[in-house]
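Worth saying up front: this structure is predicted, and the values here are computed from it rather than measured.
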Amino acid sequence: MEIVYFGIIVFLFILAVFDLMVGVSNDAVNFLGPAIGAKAANVKYIFAVAAVGVMFGAAVSNGMMEIARNGIFSPEHYYFQEVICICMAVMVTDVIILDVFNSLGLPTSTTVSMVFELLGGAFAIAIVKILTSADDALTFGMLLNTDKALSVILGIFLSVAVAFFFGSVVQWIVRLIFTFDYHRHLKWSIGLFGGIAATAIIYFMLIKGMKESSLMTDDMKAWLHENASMLMVGCLVGFTVLMQVLHWLRVNVFRVIVVLGTFALAMAFAGNDLVNFIGVPLAGYSSYVDYMANGAGSDTFLMESLNAPAKTPFIFLFCAGVIMIISLYTSKKARNVIKTSVDLSRQAAGEEMFGSSGVARSIVRTSMSVATFVTNVTPAPVKRWINSRFDSDKAVITDGAAFDMVRASVQLLLASLLIALGTSLKLPLSTTYVTFMVAMGTSLADRAWGRESAVFRITGVLSVIGGWFITAGAAFTACFFVALLMYYGGVPVMVVSMGVVVFMLLRSNVLFNRKKETESEDTLFAEIVNAKDTAGVWPMVKEHVCRSSVGMLNYSSEEYRRITDAFIAEDHRAFQRIAREINDRKKLLRQTHRKETICIRRVDSRTAIEKTTWFHLQSNAQEQMHYIIKRLCDMCREHVDNNFSPLPAACAEELVPVRNKVCSLIAEGAAVLENGSEGIARLVERSDEVKQRLDALYNTQVKRINEDSENLTVSLVYLNILQESSEMLSSLDRMIYYSERFRC
């Protein structure tokens, strides 16, 4: 049996490699987002700095490993086999959950997933032990470390409010000092700000972070403890002078702080979050070593050894750091998650990834009421002075950046300090929670959430936070049942679970790559927004609008055909799918039009003024086409769902040929838009002919109704289909005309 357990330990480490790769893909946003969002340096340079920070953080993360060993459950009451079962269940569940969130582009918390998976797995085994124990000898209080688990969970969720509050307050104060036109307000303040920032980072990263490192001897720890105050005063004076000198030498001190903060935050991430990826496998490995040395062959060997302080071999920490660095450079999903966080915190308007929600709208209305009250009671001179300090029109933002380096430096400084503080207290604060909420707090303080974007940004924040809570519930529930399956199914279930994880990861990567291949429109939008020369923007804008119009026509032709086919066949399941696709298309249409409006702003003013009317008219024609499709679907679906009389065969025979002509005309219209104005006159002529045919069918059906030879309910639906078909061709004509006027 020992060889089987050895194989399970190997599986745990294989899963740990997957978990490191998946986890870094999700958590790279934590330490790369600010620097990339502000374009503080070349992306390769930023990644290199982060890689060094990750390696240092991995080397000093030893103290956090105890969370996985005895922070959630009491190992002295669990047998070796039970601990292995919990470890396997946690790793299998963790890899799957994190990969799902990565594929969706949503930053989730590896800390929350690990803690709640441990809690769910241990809870499952605890129930089994209590039910099978004699004389009620065991209780949940004995089996679960409830006090420590509660403090960890509270620390994780309180970090949301703490990070958002301090992010907002500190950014507001810093912005008040430096303003958006910060180059004009750096004469003496920048030296002190840089000195404080660098000193705080050094203090928490080296003194607080290094004290648990396996590289530190007892003498070194004692010396640091005794001379901490002197070191900090020296660092403050030295860094203040250094930053002031760098400013006199025309070096951007904020850029230096961002780079240093990226290193610090990457180090804090690895030091705090490495336990999330390899803590559980290392706990399983320690259990296996103790079992082989003292209890081999026993089914009742208790794991008291896990209560001893963790002594992680440096080779494990080094290898984990190498794997994280490789994943950092190679993961496409990491860039997807970074995009979500940066987009929600950018200063200027842009593509909004999220729609609006009722909760977000209520929050915006309440916030506006509070802001109005505060504005009314604030003296006018104070308001004018504050508004002059927050004039974003004077913002110094690098081309293509989401925000400036002042905000990036505050994000990195605050996030690294909060995470390092949690690490020094041995609380596994969620780096995702802290960095994301600091980013949101700083963007709010910078007035980045204007009235045109606030509801979308808040919806996005709520969606991400909701995803975190879903992570907690899903991690606990999934690991609970997986642990039970493994406990009763034994080794065969563990092996099957391993295969399932590998299959899901491979499948997820294939689907993700396919999805990225279809995002050419978003790539074009990014090129337009980031274009430095506005003279070359207009051709790209025309291409973007043409793509959306052609896509709308192709979609309308296909949906129109499917709706009429489903109505004739009375296929209610088809209508369910069509209705979902129509709702998804509505969201996509809004996003596309918002992006195109932003694109128009990038065009030179003379061209923009001339073309704006035609742009909005063709956008309205697209929306009208979508509304026609939706009205057709709702009407036909209701008829079929109510099991009313089907469309008579004679009507179906009349409808199908003219329906095919309508679809053919719409497809031809899409081709005309792609290839230019040639063929428009012929298209309009054929469209008029088909509309006349539809009018004739309409009159024929009205005569049938008057002769009482037709069912009135289905006849009304049929008449509406004919009328909407004619309206669809009219919308096609308008879309072609407006698009051509827009492009010429």
| Is there a side chain to side chain contact (heavy atoms under 4.5 Å, CB included) between Val656 and Ile568 once you walk through the steps? | CA-CA 9 Å; Val656 170; Ile568 294 171; 3.8 Å; yes
| Gly669 and Ile736: which non-hydrogen atoms are nearest, and at how many Å? | O-CD1, 3.5 Å
| query | Side chains of Glu581 and Arg562: does their closest heavy-atom pair fall under 4.5 Å? | reply | yes
| query | Parallel, tilted or perpendicular: which fits the ring planes of Tyr555 and His626, with parallel below 30° and perpendicular above 60°? | reply | parallel
| query | Can you name the closest pair of heavy atoms from Ser497 and Val92 and give their distance? | reply | CB-CG2, 4.0 Å
| task | Any chance you could measure Ile563, atom CD1, to Ile721, atom CD1, to the nearest 0.5 Å? | result | 9.0 Å
| Atom CD1 in Ile666, atom CG in Leu729: separation rounded to 0.5 Å? | 6.5 Å
| task | Find out whether Asn720 and Arg631 are in side-chain contact, i.e. whether some heavy atom of one side chain is under 4.5 Å from a heavy atom of the other. | result | no
| Can you name the nearest heavy-atom pair linking Glu117 to Ala475, along with the distance? | CG-CB, 3.6 Å
| Ser557 side-chain N/O to Leu553 backbone N/O, donor-acceptor pair under 3.5 Å | no
| Any Phe644 side-chain heavy atom under 4.5 Å of Val714 side chain | no
| field | Smallest separation among heavy atoms of Ile629 and Ser556, with atom names | value | CD1-O, 3.7 Å
| said: Please give me the minimum heavy-atom distance between Asn554 and Ala670, naming the atom from each residue. | reply: OD1-CB, 3.5 Å
| For Cys651 and Tyr718, which heavy atoms make the closest approach, and how far apart are they? | O-OH, 3.6 Å
| field | From Ser725 atom OG to Gln723 atom CD, the distance as rounded to the nearest 0.5 Å | value | 10.0 Å
| query | Heavy-atom distance under 4.5 Å between the side chains of Asp571 and Val640, does that happen here? | reply | no
| query | For Leu712 and Ile705, what are the C-alpha separation, side-chain angles and deciding distance, and is it a side chain to side chain contact (heavy atoms under 4.5 Å, CB included)? | reply | CA-CA 7 Å; Leu712 183 59; Ile705 295 174; 3.9 Å; yes
| field | Criterion side chain to side chain contact (heavy atoms under 4.5 Å, CB included) on Val717 and Phe567, from CA distance to verdict | value | CA-CA 10 Å; Val717 176; Phe567 178 64; 3.5 Å; yes
| Can you tell me if Ser443 uses its side chain to pair, donor with acceptor, with the backbone of Ala439 under 3.5 Å? | yes
| Is it true that Arg686 and Glu668 make a salt bridge, defined as a side-chain N closer than 4.0 Å to a carboxylate O? | yes
| Tyr560 backbone acceptor or donor facing Thr564 side chain under 3.5 Å | yes
| query | Going by distance alone, is a donor N or O of one side chain under 3.5 Å from an acceptor N or O of the other, for Arg573 and Gln576? | reply | no
| said: Working to the nearest 0.5 angstrom, can you tell me the gap between Cys633 SG and Ile628 CD1? | reply: 14.0 Å
| Quick one: do Glu727 and Arg734 make a salt bridge, cutoff under 4.0 Å? | yes
| task | State plainly whether the residues Glu689 and Lys661 are in salt-bridge range, i.e. N to O under 4.0 Å. | result | no
| task | Show your working on side chain to side chain contact (heavy atoms under 4.5 Å, CB included) between Met728 and Leu632 and close with a plain yes or no. | result | CA-CA 11 Å; Met728 188 177 296; Leu632 274 173; 4.1 Å; yes
| said: So if I apply the side-chain contact (heavy atoms from CB on, under 4.5 Å) rule between Phe575 and each of His639, Glu638, Arg637, Glu570, which one comes out positive? | reply: Arg637
| query | How about Thr713 and Asn642: do any of their side-chain heavy atoms sit closer than 4.5 Å? | reply | no
| Salt-bridge present (Asp688, Lys691; N to O < 4.0 Å) | yes
| What is the distance from atom OG of Ser731 to atom CD of Glu623, rounded to the nearest 0.5 Å? | 11.5 Å
| Quick one: does Leu719's side chain get under 4.5 Å of Val702's, heavy atoms only? | yes
| Residues Arg561 and Glu558 bridged, charged N to O under 4.0 Å | no
| Are any of the side-chain heavy atoms of Gln622 and Ser548 separated by less than 4.5 Å? | yes
| Reported CD1-to-NZ distance for the pair Ile578 and Lys630, which is rounded to 0.5 angstrom | 12.5 Å
| request: Would you check if the side chain of Ser664 reaches a backbone N or O of Asn660 as a donor-acceptor pair within less than 3.5 Å? | output: no
